[in-house]
Each structure stands twice: as structure tokens, then as C-alpha cells.
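For reference, the structure discussed in these notes is given below.
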Protein chains: 2
Amino acid sequence: MDEQPDPRRLAVWRAFLEAHAALIDVLEAELQAAHALPLTWYDVLVQLSEAPGHCLRMQDLARSVLLSKSGLTRLFDRMEQAGLVERRPFPADRRGTLAALTPAGEERLRRAAPAHLAGVLRHFARHLAEAEADTLTAFFARVRAALPGRLRIDGPV
Amino acid sequence: MDEQPDPRRLAVWRAFLEAHAALIDVLEAELQAAHALPLTWYDVLVQLSEAPGHCLRMQDLARSVLLSKSGLTRLFDRMEQAGLVERRPFPADRRGTLAALTPAGEERLRRAAPAHLAGVLRHFARHLAEAEADTLTAFFARVRAALPGRLRIDGPV
DNA sequence: ACATTATTGTTGTATCTGCAACTATCACCA
DNA sequence: TGGTGATAGTTGCAGATACAACAATAATGT
């Protein structure tokens, strides 16, 4: 491949980083203001609600929300204390734990989702022409596919 | 407005988030492995090296690297201790401090930059067709422009 | 059956970040 | 000139995250 410094492509990278940072900031602030939910909490609720049976193994949930095992353990502790989720034993494998949504968690998500999705639309997707959407998804998918899965998962070396 | 869930555009958002997380992970890991530099340190070095006179006010630097004032204070402390940057008095306004690159910092950046830029190219820009690059930059710029500047800067309410 | 190895989730600890409060300095205006 | 408020940077503190070590359980091979 041609490997010139190529400032055009470098510019994309900068723009990508800045857009991401700004987007996360706004969406987080909006979600926090409107429903007192950090984005990470929202993400957990979404992943659980989309899972079959509204529950997931802790480790799978960790991968879904892009967090390390220990990171999720602590996050889940906080959310459990808030009554939005709960741990259940997983009979099939007694090492495992099932992370499940409580009714309160479902309700909280149901109330917060519309505003958040509207935010994503307003701040992000709105700027996307119909045709561009697929191009972009495909691009991100290519990037993602060529990358190793999550590094920095914890556990011993 | 049309407020259908619009899964196509939602998919872009998800793909965007996942690609970002994965990219940061790999690039950080590579930079760390090859040059013992966290991405934040690299960013500071780049911003300073691109600034006129190789120095910037602390607050401007904070904005450039997308960090809060206090966040930068601490980050800069660490980098100063490592000898890569230094604080200089700013005569024109004695409240201010100039963040400057040391020769060691310049040297470190000069050695690390090629590998990092190659990484950005290999993991990100390579998947981008020539024509797509401009489309994408424009899109991110639109997103960025429509957004408020950094929220969550610190300081009293 | 048993020993060895892998996997699951949690915990100890360190790092990094932001918010709010603080000090020092500056800007402005009466 | 003095006073009031704004601004620059630092610091105390709390929150969130990752890595490494750990206990409990499962899987595998002999």
C-alpha cells in the first residue's frame, strides 16, 4: 500500500477522536441530567435488556460493555446497590454468575431510552446522509474486524 | 420529525463506539510496548511540538488534549518528572504558566511518531478509500461543530 | 479416580480523572 | 486608588478503572 504521510487521512483520525470525545461528553451530560444515569449504567441496562431472558454471564456482559472483568464487578456492585440489576446463581456452572435486570432497571431504561436515542440522532446520526450511513458502518466494521479483540482484559498474563 | 428507531443509523453509532474503543486499545498498547508512552503523553508531546515556539499555556494545552485543568496539572507533573516537558513562567501574565517541550521530549516524540502514525494508518486509515476520507472528515467536522465545546471543564460551577 | 490446568468472578492496590475549593494574579470601574 | 469580580493553575478528595493475585469450580488427561 502507499504509505505517504498523507495529511488527509491524518485529519480524519483527529476529527474522529475529537468528535468522539465531544459526543460522549454531551450524551453523558444529557443522560445524567435527564435521568441521573451514567452512560456506562445505560449501556449495562441496554445490553441486559437485549439479551435473551434479560440476563447475561458477568464475563459476557463485561465484553459487551467494553469493560474489564474487575471493572464490571465494581460497576455492577454500584448498580445492584441502586436496585437496577441483580446477581443470580447460574446452576449450569457454579463458578458463574448471572447478571440480570430487575423490574426497576427495566423501568428506568424504558424511561431513559427515548431521550438518549433522540440524543444520538440529534448529535450524531442527523449529520449523516442516508447513503453515508452504510458506508460508515461498513468502514467501522472493517476497522473492527482487522483489530484484535479487546486487549487489556484482566486476569493473569 | 421522523423518529422511527432507524436501526441503520443506530448501527452506525454502535460500530463507531466499538471501533473507537478497539482502536484506542491497540494504539495505546503498541505505543506503550514500543516506546513506553501512554497515548495521553504522546498527545501532549504532539500538541506542544505543533505549537508556535514549542510551548502553550496550560489551559490551552488542557483543551488541546481534551483534559480538564486539574487532569492536565497531574499529567504534566508526571511528564515533567520524567523530563519530557517543563513549566516556564509566563511574564506577560504572572498567573499563567507555559508548558514547554524539553529537548528530551522532542527527541522522544521524534522517535515515537513514525511508529504511531504507521499504526494509525494500518489500523484506521488503511480501511478508508481515498474518496471516503473527505466525506468522513466533513461528517465528523459537522458533528463537532454542532456540539457545544468541552463540557466538564473543571472550575467552580 | 486423581492430579493438573483452565476458567469465573471478586478483591487488594495503584493510577488516572474530574469537581470543588483555594491562592495568586489580573481586569475593570467607580 | 481601592474594591469587586474574573481568570490561571494547584490541591484535597472521591469515583472509576485496570492489573495482578486469589478462591471456588470445572474440564481434561492419564
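Chain identifiers are assigned alphabetically (A, B, ...) following the order of the sequence lines, protein sequences preceding nucleic acid strands; residue numbering begins at 1 within each chain.
- Side-chain contact check for A:V65 versus A:T40: every heavy-atom pair is 4.5 Å or farther apart.
- Note: A:H20 and B:H20 have parallel aromatic rings, judged against thresholds of 30 and 60 degrees for the angle between ring planes.
- Residue A:K69 contributes atom NZ, which lies 12 Å from atom C1' of D:dA18 at whole-angstrom precision.
- With a 6.0 Å radius and a threshold of 12 heavy atoms from other residues, nucleotides or ligands, A:E50 has its CD atom above the threshold.
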> Is there a side chain to side chain contact (heavy atoms under 4.5 Å, CB included) between B:L27 and B:H123 once you walk through the steps?
Replying inline: CA-CA 8 Å; B:L27 291 173; B:H123 296 302; 3.9 Å; yes

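- Contacts between residues 73-80 of chain A and DNA chain D, counted as heavy-atom distances below 4.0 Å, involve A:R74, A:R78.
- For DNA chain C, no neighbouring residue in residues 31-41 of chain A is found when judged by any heavy atom under 4.0 Å.
- Taking atom CD of A:Q81 as the reference point, atom C1' of D:dA16 lies 15 Å away to the nearest angstrom.
- The existence of a salt bridge linking A:R63 and B:E18 is excluded, since no basic side-chain nitrogen approaches an acidic carboxylate oxygen closer than 4.0 Å.
- Side-chain proximity of A:S70 to C:dT8, D:dG9, D:dA18: nearest is D:dA18.
- Using cut-offs of 30° and 60° for the angle between ring planes, the A:F140 and B:F140 rings count as tilted.
- Note: CG (A:L67) to C1' (C:dG9) measures 14 Å, nearest angstrom.
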> Does the ring-ring contact (aromatic ring centres under 6.0 Å, His included) test come out yes or no for B:F16 and A:F139, once each step is laid out?
Replying inline: CA-CA 9 Å; B:F16 174 73; A:F139 165 65; over 10 Å; no

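- In this structure, A:L56 atom CG and C:dT8 atom P are separated by 13 Å, rounded to whole Å.
- Remark: P of D:dT7 and CZ of B:F90 are 16 Å apart, rounded to the nearest angstrom.
- We find that B:E80 and B:R78 are not joined by a salt bridge, their nearest charged nitrogen and carboxylate oxygen being 4.0 Å or further apart.
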>> A:E106 vs A:R108, test: salt bridge (charged side-chain N to carboxylate O under 4.0 Å, His left out). Steps then yes/no.
In response: CA-CA 5 Å; A:E106 284 187 61; A:R108 188 74 163 280; over 6 Å; no

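- Per the geometry, CE belonging to A:M58 stands 17 Å off P belonging to D:dT25, to the nearest Å.
- Between the P atom of C:dC16 and the CG atom of B:D43 lies a distance of 15 Å, rounded to the nearest Å.
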Report, one pair per line, the protein and nucleotides 24-26 of chain C atoms (nitrogen or oxygen only) whose separation is under 3.5 Å.
{"from": "C:dC26", "atom 1": "OP1", "to": "B:R94", "atom 2": "N", "distance (Å)": "3.0"}

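- In this structure, the CZ atom of B:R88 is 18 Å from the C1' atom of D:dG9, given to the nearest Å.
- Between B:M58 and B:L72, the closest heavy-atom pair is O-CD2, 3.0 Å.
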>> Test salt bridge (charged side-chain N to carboxylate O under 4.0 Å, His left out) on B:R126 and B:E132; report intermediate values, then the result.
In response: CA-CA 11 Å; B:R126 183 168 63 82; B:E132 290 172 333; over 6 Å; no

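- Phosphate proximity of C:dG9 to A:Q59: present, with a side-chain N or O under 4.0 Å from OP1 or OP2.
- Note on B:R87: every side-chain N or O is 4.0 Å or more away from OP1 and OP2 of D:dG9.
- Listed pair A:R57 / C:dG9 meets the phosphate criterion, a side-chain N or O lying under 4.0 Å from OP1 or OP2.
- A salt bridge does not link A:D77 to A:R74: none of the charged side-chain nitrogens sits closer than 4.0 Å to a carboxylate oxygen.
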